[in-house]
Undergrad: 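For reference, the structure I am asking about is given below.
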Protein chains: 2
Amino acid sequence: MTSRQALPAGALTAWASYLRGHAALSRALNARLVAEHGLTLNDYEVLLLLSRAPDGYLKRVDLAQRVLLTPSGITRLLGGLESAGYVEKGSCPTDARVTYAVVTEVGLAKLAEATETHLADLEELFVTRFDESELALLAELLGRLAGDSEGEHCPGGARARNT
Amino acid sequence: MTSRQALPAGALTAWASYLRGHAALSRALNARLVAEHGLTLNDYEVLLLLSRAPDGYLKRVDLAQRVLLTPSGITRLLGGLESAGYVEKGSCPTDARVTYAVVTEVGLAKLAEATETHLADLEELFVTRFDESELALLAELLGRLAGDSEGEHCPGGARARNT
DNA sequence: AGGATATACTTGAGCAGGCAAAGAATGGTA
DNA sequence: TACCATTCTTTGCCTGCTCAAGTATATCCT
């Protein structure tokens, strides 16, 4: 790191307008997602994460870390997804403390359905302002602010708990 | 569900990490601001905006637009700042519908106090993670998300309403 | 073994902010 | 002048989340 200098002069202002821009963007995206599919941006994000996880399950703690919610936040969010039938609870045979979140078929279908319009929204609202390389760059830089972590997998697999 | 069209393959992921990055960043900043000064990031933003406005007052509507809150959001936010003594209501002699938000001396002092640590936080969070060129890049890209709007000023000035 | 400590998750209370509807003032327009 | 549409703001109700506690389970240390 070169000169241990203060932030550039307009930093406060730049940050402020960034904040505004972001608020507008994510609010719009969220609103559309809710209106068209009844999913929150975070709901969507969680579904996406689960769909990509091996075997479609993730520890609730890890999930929380990945979407940057507190444990209680995840509990409530998953509560919603569960009662909608998009995810189920799974238990780990080797550690009774952990509860997994497992995507259901219905959940995957919902995700696919939502993805279609969400990608379009994303393109319209966000991507029009940046080209591909800028987008990648932005993602990389901002991604650096949120530490990435791997989720551990349960040796015995997650067993869906049939209520 | 991969290739729909247009959007680059990793766009969804990129957007996701952008989201996370932003969440991490603003959450951290907000937490510090609250812990050290009892101000929300939005509180701070509003105070900053007011401090920069000519004569330190702004229509509530304009304020809402600038920080991207809904009118009701602004009402409640200002409610908090008012009861803390940082802003006052002002009425416009030519239009009885509008209420201005006016920073008080106390509010300005508070802003100055908060700015000190806020800038430091901003610096710490950015500078420790990015080198100078990345920082410049980031500022440029983020700045592009902004849309600026002007606020109108009251011809007669804002009269503070003394309760 | 048996307690201390740590980890995984849930629950209750509370807060910020959104949406929709209501209240209050203004500016046409006839 | 009376009326209607618009604009500015507030209020009620609701959601999404956080924080602080509380409950299990697991692990470590003597």
Side-chain angles (χ1 to χ4, degrees), chain A residues 19-20 23-24 26-35 38-46 57-65 67-84 87 89-101 149 151-152 154-155 158 161, chain B residues 19 23-24 26-35 38-46 57-65 67-84 87 89-101 151-152 154-155 158 161:
Chain A
L19 263 190
R20 255 182 299 154
S26 57
R27 183 127 64 233
L29 243 10
N30 189 66
R32 292 195 191 193
L33 222 35
V34 169
L39 288 179
T40 292
L41 205 42
N42 275 341
D43 290 342
Y44 180 87
E45 218 59 48
V46 162
Y57 69 91
L58 243 29
K59 265 165 81 178
R60 288 163 104 90
V61 175
D62 294 334
L63 214 37
Q65 237 171 306
V67 289
L68 279 169
L69 288 185
T70 58
S72 70
I74 273 291
T75 290
R76 298 187 215 272
L77 190 158
L78 286 177
L81 293 182
E82 277 156 21
S83 65
V87 311
K89 289 189 175 181
S91 56
C92 177
T94 68
D95 187 339
R97 287 171 306 179
V98 333
T99 317
Y100 286 92
S149 63
E152 284 154 35
C154 186
R161 175 196 303 166
Chain B
L19 261 190
S26 57
R27 183 123 65 232
L29 247 7
N30 188 65
R32 294 195 190 193
L33 222 35
V34 170
L39 289 179
T40 292
L41 203 44
N42 274 341
D43 290 342
Y44 180 87
E45 219 60 49
V46 162
Y57 68 92
L58 241 31
K59 266 166 82 179
R60 288 163 106 91
V61 174
D62 294 333
L63 213 37
Q65 234 171 306
V67 289
L68 276 168
L69 288 184
T70 56
S72 69
I74 272 291
T75 291
R76 296 185 218 273
L77 190 159
L78 285 178
L81 293 182
E82 277 157 22
S83 64
V87 311
K89 289 188 174 182
S91 56
C92 178
T94 67
D95 187 340
R97 286 170 307 177
V98 332
T99 319
Y100 286 91
E152 286 154 34
C154 185
R161 172 197 305 165

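Within every chain, numbering begins at 1; the chains are lettered A, B, ... in the order of the sequence lines, protein sequences first and strands thereafter. In this text, all values refer to a predicted model and were calculated from it rather than measured experimentally.
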Undergrad: Could you state the atom-to-atom distance from CG of A:L78 to P of C:dT10 in whole Å?
TA: 8 Å

Undergrad: Output, in order, the C-alpha distance, side-chain angles, deciding distance and verdict of side-chain contact (heavy atoms from CB on, under 4.5 Å) for A:L63 and A:L78.
TA: CA-CA 10 Å; A:L63 214 37; A:L78 286 177; 4.2 Å; yes

Undergrad: From the options B:L41, B:L58, B:L81, B:L69, select the one residue that forms a side-chain contact (heavy atoms from CB on, under 4.5 Å) with B:V46.
TA: B:L81

Undergrad: Nucleotides 18-22 of chain C: which of its N/O atoms have a protein N/O under 3.5 Å away?
TA:
| unit_1 | atom_1 | unit_2 | atom_2 | d |
| --- | --- | --- | --- | --- |
| C:dG18 | OP1 | A:R27 | NH1 | 3.1 |
| C:dG18 | OP1 | A:R27 | NH2 | 3.1 |
| C:dG18 | OP2 | B:T70 | N | 3.1 |
| C:dG18 | OP2 | B:T70 | OG1 | 2.7 |
| C:dG18 | O6 | B:R76 | NE | 3.4 |
| C:dG18 | O6 | B:R76 | NH2 | 2.8 |
| C:dC19 | N4 | B:S72 | OG | 2.8 |

Undergrad: Rounding to an integer number of Å, can you tell me how far B:D43 CG sits from C:dC15 P?
TA: 14 Å

Undergrad: Can you check whether A:T75 has a side-chain N or O nearer than 4.0 Å to OP1 or OP2 of C:dC9?
TA: no

Undergrad: Shortest non-hydrogen contact from A:S83 to A:G80?
TA: OG-O, 3.0 Å

Undergrad: B:R97: what forms a side-chain hydrogen bond (donor to acceptor under 3.5 Å, both in side chains) with it, not counting sequence neighbours?
TA: B:D95

Undergrad: Does the side-chain contact (heavy atoms from CB on, under 4.5 Å) test come out yes or no for B:Y100 and B:R60, once each step is laid out?
TA: CA-CA 6 Å; B:Y100 286 91; B:R60 288 163 106 91; over 6 Å; no

Undergrad: If you walk 5' to 3' along DNA chain D, what is the first nucleotide with an atom under 4.0 Å of a heavy atom in chain B, and what is the last?
TA: D:dT6 to D:dT18

Undergrad: Starting at CG of B:L33, measure out to OG of B:S26 and round the result to the nearest 0.5 Å.
TA: 11.5 Å

Undergrad: Please determine if a side-chain N or O atom of B:N42 lies less than 4.0 Å away from the OP1 or OP2 oxygen of C:dA16.
TA: no

Undergrad: Mapping A:R97 and A:L77 onto DNA chain D by nearest heavy atom, which one lands closer to the 5' end?
TA: A:L77

Undergrad: Any idea which heavy atoms bring A:C92 and A:V98 closest together, and the distance?
TA: CB-CG2, 3.3 Å

Undergrad: With side-chain contact (heavy atoms from CB on, under 4.5 Å) as the test, would you mind laying out the steps for B:D43 and B:L77 before giving the verdict?
TA: CA-CA 7 Å; B:D43 290 342; B:L77 190 159; 3.3 Å; yes

